[in-house]
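Keep in mind the model is a prediction, meaning the values are calculated, not measured.
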Amino acid sequence: MTATTAPAPPAGKAPPAGRRPRSRTGASGWTPWLYLLPALAVLGALLVYPVYQLGLISFLEYTQAQVSGGEPTSFQGLGNYTALFTDPQFRQVLLATVVFAAACVAGTLVVGCALAVLLTRIRALPRLALMLAALGAWATPAVTGSTVWVFLFDADFGPVNRLLGLGDFSWTYGRYSAFALVLLEVVWCSFPFVMVTVYAGIRAVPTEVLEAAALDGASQWRIWRSVTAPLLRPILAVVTIQSVIWDFKVFTQIYVMTNGGGIAGQNLVLNVYAYQKAFASSQYSLGAAIGVVMLLLLLAVTLVYLRILRRQGEEL
């Protein structure tokens, strides 16, 4: 009898089960990680290690006495966090920070999205002028922008009070008027990012979809709410998360415009409060604990928002 050989599998057919196809390049599963290794090393040096040190200090008694070597460092466990959450001022500052950040995010998204839609409705020259003006506001340093806004709303020399006929009204004296002034400045320097990003997303929406909605009799608001916004949901998620992170950790605008937190600390937010505890009072462990609380709150908000989007079937 002559030996027979098994017929070769047809072209394009998968190999038998249990046999893994060999990679043409011979690359192993570790190759992508080797490419990511430099970036991971930089992130580890600039992010992971400082966060680790922040968390470590928050569990210690670390004041000026420990920094100068006069007293040994001692482990406090959750003592710093207990002191924070039992402090009425911390709870008040935390609530003020959450409300202020939410108002800033809402204002930034509304102004940015409205101007992004406006950019699609105007001609090239006005569009270019609006883009340049917005990018100029975005590129302005926070200290410079805050100083200019304080001058514009100054009680003695500011042109805004003269135009509105408010006399010598001081915007930074009252708690709510000072927060409103800072909110306007934060929205002014933050909306260009939302405007440019959303405008780019609108330009990527197929014109056939918008034309079909218009032919069906949908108004501009209905087209935005039912057609454009759902298609832009991943982009809106990115700008929302970015705005939450930026506005929750506002420091420069509050510190400059309210002179370090307002009268008797009435305009304090968590970032300024942490600065006062860590550097003005030399309670570095309490300042580190506030930083950890802020980090956990931002992570929680981001994860919850991403989970909501994932339930709705959106992928980022």
Side-chain angles (χ1 to χ4, degrees), residues 39 43 97-140 142 145 182-250 253 294-295 297-316:
L43 287 176
T97 303
V98 172
V99 175
F100 175 74
C104 289
V105 171
T108 302
L109 292 178
V110 169
V111 174
C113 291
L115 291 179
V117 174
L118 178 63
L119 287 176
T120 63
R121 300 286 188 268
I122 58 179
R123 296 182 180 273
L125 189 58
R127 184 189 308 125
L128 178 61
L130 179 56
M131 292 280 285
L132 291 177
L135 292 178
W138 193 18
T140 302
V182 178
L183 185 147
L184 291 175
E185 201 279 335
V186 171
V187 172
W188 173 77
C189 67
S190 301
F191 83 85
F193 170 74
V194 178
M195 183 190 73
V196 173
T197 307
V198 175
Y199 173 70
I202 293 175
R203 282 302 187 187
V205 174
T207 56
E208 296 82 2
V209 178
L210 302 178
E211 291 175 355
L215 290 175
D216 289 338
S219 62
Q220 294 297 328
W221 166 246
R222 185 61 184 272
I223 292 175
W224 165 260
R225 185 171 62 89
S226 302
V227 179
T228 309
L231 293 175
L232 295 178
R233 193 170 294 165
I235 294 178
L236 293 176
V238 173
V239 296
T240 300
I241 294 172
Q242 195 76 10
S243 299
V244 168
I245 294 174
W246 285 346
D247 296 339
F248 195 82
K249 60 184 185 65
V250 165
Q253 290 87 342
M294 292 179 61
L295 176 63
L297 286 175
L298 288 175
L299 285 176
V301 171
T302 303
L303 292 177
V304 168
Y305 195 78
L306 292 177
R307 186 167 183 177
I308 292 174
L309 289 177
R310 194 170 184 179
R311 286 181 178 177
Q312 295 175 350
E314 298 290 341
E315 293 185 3
L316 297 179

Trainee: How far apart are the closest heavy atoms of Trp224 and Pro230, and which atoms are they?
Mentor: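 Of all heavy-atom pairs spanning Trp224 and Pro230, the closest is O-CD, 4.2 Å.
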
Trainee: Can you list the residues that meet the side-chain contact (heavy atoms from CB on, under 4.5 Å) rule with Ser219, with sequence neighbours excluded?
Mentor: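 By the side-chain contact (heavy atoms from CB on, under 4.5 Å) rule, Ser219 matches Trp221, Arg222.
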
Trainee: For Phe100, what residues pass the ring pair (Phe, Tyr, Trp, His ring centres under 6.0 Å) criterion, not counting sequence neighbours?
Mentor: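 Phe100 satisfies ring pair (Phe, Tyr, Trp, His ring centres under 6.0 Å) with Phe179 once adjacent residues are dropped.
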
Trainee: Among residues two or more places apart or on two chains, list those pairs meeting ring pair (Phe, Tyr, Trp, His ring centres under 6.0 Å) that have a residue in residues 193-214.
Mentor: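 Listed once each, the pairs are Trp138-Phe193, Phe193-Trp246.
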
Trainee: Pairs of donor and acceptor atoms involving the side chains of residues 105-131, under 3.5 Å and at least two apart or interchain, shall be tabulated with distances.
Mentor:
residue, atom, partner, partner atom, Å
Thr108, OG1, Cys104, O, 2.7
Thr120, OG1, Val117, O, 2.5
Arg121, NH2, Gln220, OE1, 2.5
Arg127, NE, Leu119, O, 2.9
Arg127, NH2, Ile122, O, 2.8

Trainee: Considering all heavy atoms of both residues, which atom of Ile235 and which atom of Thr197 are nearest to each other, and what is their separation?
Mentor: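 Heavy-atom minimum between the residues: CG2-CG2, 3.5 Å.
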
Trainee: Of all the heavy-atom pairs spanning Thr240 and Leu236, show the shortest one and how long it is.
Mentor: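 That would be OG1-O, 2.6 Å.
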
Trainee: Checking Thr302 against Val244 for the side chain to side chain contact (heavy atoms under 4.5 Å, CB included) test, could you report, in this order, the C-alpha distance in whole Å, the side-chain angles of both residues, the deciding distance, and whether it holds?
Mentor: CA-CA 8 Å; Thr302 303; Val244 168; 5.8 Å; no

Trainee: Go through the structure and list residues passing side-chain contact (heavy atoms from CB on, under 4.5 Å) with Leu210, not counting sequence neighbours.
Mentor: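 Counting only residues at least two positions away or on another chain, Leu210 forms a side-chain contact (heavy atoms from CB on, under 4.5 Å) with Val205, Ile223, Val227, Thr228.
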
Trainee: Using the side-chain contact (heavy atoms from CB on, under 4.5 Å) criterion, which residues pair with Ala142? Sequence neighbours excluded.
Mentor: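 Here the qualifying residues are Thr252, Gln253.
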
Trainee: Indicate the atoms forming the closest heavy-atom contact of Phe248 with Thr97, along with that distance.
Mentor: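 For Phe248 and Thr97, the tightest heavy-atom pair comes out as O-CG2, 3.8 Å.
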
Trainee: Asp247 and Ser190: which non-hydrogen atoms are nearest, and at how many Å?
Mentor: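 Nearest pair, atom of Asp247 first, then Ser190: OD1-OG, 4.1 Å.
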
Trainee: Between Ser243 and Val194, which heavy-atom pair has the shortest distance, and what is it?
Mentor: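 Heavy atoms of Ser243 and Val194 come nearest at OG-CG2, 4.1 Å.
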
